[in-house]
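Right, one structure below, let's go through it.
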2 protein chains.
Amino acid sequence: MQLSNSSQYAIRILAYMADNKDSKLLNATELAKTLYIPYKFLTKIMTELVKSGLVVSIRGRDGGYKFEKKTSEIMVSDILAIFNDSIKNEQCVLGIGFCNGLCKCALHDQWIEPKHLLQKMFQESSLEDIAGKGCKI
Amino acid sequence: MQLSNSSQYAIRILAYMADNKDSKLLNATELAKTLYIPYKFLTKIMTELVKSGLVVSIRGRDGGYKFEKKTSEIMVSDILAIFNDSIKNEQCVLGIGFCNGLCKCALHDQWIEPKHLLQKMFQESSLEDIAGKGCKI
DNA sequence: AATTAATTCTACCTTTAAGTAGTATTTATA
DNA sequence: TATAAATACTACTTAAAGGTAGAATTAATT
Ligand code: SF4
Ligand code: SF4
């Protein structure tokens with residue numbers, strides 16, 4: 001019951017970038033050291049973030065990454081979507097296919113509320129919202 | 001962001017057993033067929049449930065499984081604990097070590113509420129509570 | 001005592017997530 | 001133009017989850 005490493009890393013990376021979006025560019029070496037994320041894994045994640053259009057990369061010497069969109073327009077749920085970690089409305093807590101709203105599983109009634117709160121947390125939190133809020137990075 | 005297959009299966013199995021606890025014993029073959037769970041995987045899970053003291057097994061011909069404790073005394077969180085799927089209080093949504101309550105991560109404030117609801121759902125739902133509540137099994 | 005039908009044990013296989021290695025490409029600067 | 005420092009690409013390895021196979025054990029019935 002937790003996010004994949006990729007999603008956790010991506011959120012931490014982007015939250016840190018949002019914290020420091022005044023600095024012109026941030027490069028992979030610095031991000032990996034600062035955030036204690038394996039360098040090679042981080043670059044793999046960054047490339048996916050670039051392909052998804054959340055950040056742009058500047059290649060070559062003095063290159064690095066910066067945001068493509070405004071941090072107020074990037075929601076945490078956008079990040080999760082990239083790694084197939086979104087909380088979908090029809091997602092069953094017991095993994096029984098899709099919910100049709102009629103035939104419930106045993107835990108359905110208890111699941112609705114936390115599911116909505118999780119969706120709300122991810123869908124309504126922008127990078128701007130969460131930037132600078134943590135001392136842990 | 002979802003429970004392991006083992007946990008999902010175990011909850012479904014025990015919820016079904018709670019639905020049918022009038023019937024003397026339920027055996028692995030029947031459970032596997034009814035719940036569409038791979039037989040060999042189901043028996044592996046059942047053995048863990050036996051070792052954990054939630055159910056007792058009767059070996060040999062006409063054997064099967066039945067509850068060891070009252071269904072009102074088995075909480076869903078007890079099941080999750082067996083498969084290391086519990087929502088722990090210090091569990092960080094971003095996977096940054098343990099929460100000391102002082103140094104927060106970027107999503108901490110948004111995470112507290114859904115985390116508590118998830119814990120509540122698992123800790124306060126007994127098998128008796130959820131038995132017979134679902135048409136999906 | 002033999003048979004049958006059940007659980008349990010040990011070991012293995014498969015798939016997916018996580019992480020690593022090496023090379024190619026790009027670009028600023030001396 | 002050569003060099004250095006950065007991202008991107010391809011491929012591989014490792015670890016964990018998910019699942020399977022087969023034999024051993026247990027116990028009721030004949
Ligand atoms: S009704 Fe049950 S099966 Fe459907 S989404 Fe809710 S929890 Fe899942
Ligand atoms: S403060 Fe942050 S690190 Fe600590 S538990 Fe909450 S979310 Fe996790």
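Lettering of chains follows the sequences in order, A, B, ..., and the numbering in each one begins at 1. Only a predicted model underlies this, so the values are computations on that prediction, with no experimental measurement involved.
When the nearest nucleotides of DNA chain C are assigned to B:N27 and A:I58 by heavy-atom distance, the more 5′-ward of the two goes with B:N27. Remark on DNA chain C: of its neighbouring residues A:R59 and B:S57, the 5'-side contact belongs to B:S57, judged by nearest-heavy-atom nucleotide. The 5' end of DNA chain D is approached more closely, in terms of each residue's nearest nucleotide, by A:R61 than by the other of A:R61 and A:K51.
Here B:S4 lies in heavy-atom contact (under 4.0 Å) with sugar-phosphate atoms only. Across all strands shown, B:F83 has no heavy atoms under 4.0 Å from either base or sugar-phosphate atoms. Base contact: A:Y39 has a heavy atom under 4.0 Å from a base atom.
One interatomic measurement links the two molecules: CG of B:L49 to C1' of C:dT7, which rounds to 13 Å at whole-angstrom precision. As rounded to whole Å, 9 Å separates atom P of D:dT7 from atom CG of A:L25. Regarding A:E48, its CD atom lies at a distance of 12 Å from the P atom of C:dA17, rounded to whole Å. Spacing between atom CG of B:L26 and atom P of C:dA5 amounts to 19 Å, rounded to whole angstrom units. The separation between B:N5 atom CG and C:dA17 atom P is 12 Å, rounded to whole Å. Atom pair B:I45:CD1 and D:dG19:C1' shows a separation of 10 Å (rounding to whole Å applied). Rounded to whole Å, the distance from CG on B:L42 to P on D:dG18 is 15 Å.
No hydrogens or angles were tested; on distance alone, a donor-acceptor pair under 3.5 Å links the side chain of B:K40 to the base of D:dG22.
If you run side-chain hydrogen bond (donor to acceptor under 3.5 Å, both in side chains) between A:D85 and each of A:S77, A:S6, A:S4, only A:S4 comes through.
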Practice item. Could you please spell out the steps behind the side chain to side chain contact (heavy atoms under 4.5 Å, CB included) verdict for A:L26 and A:I13? Key: CA-CA 10 Å; A:L26 292 169; A:I13 292 164; over 6 Å; no

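Remark: side-chain polar atoms of A:D129 are paired, donor with acceptor, to backbone N or O of A:S126 under 3.5 angstrom.
Taking every side-chain heavy atom of A:V50 into account, D:dA8 is the closest of D:dA8, D:dT7, D:dG19.
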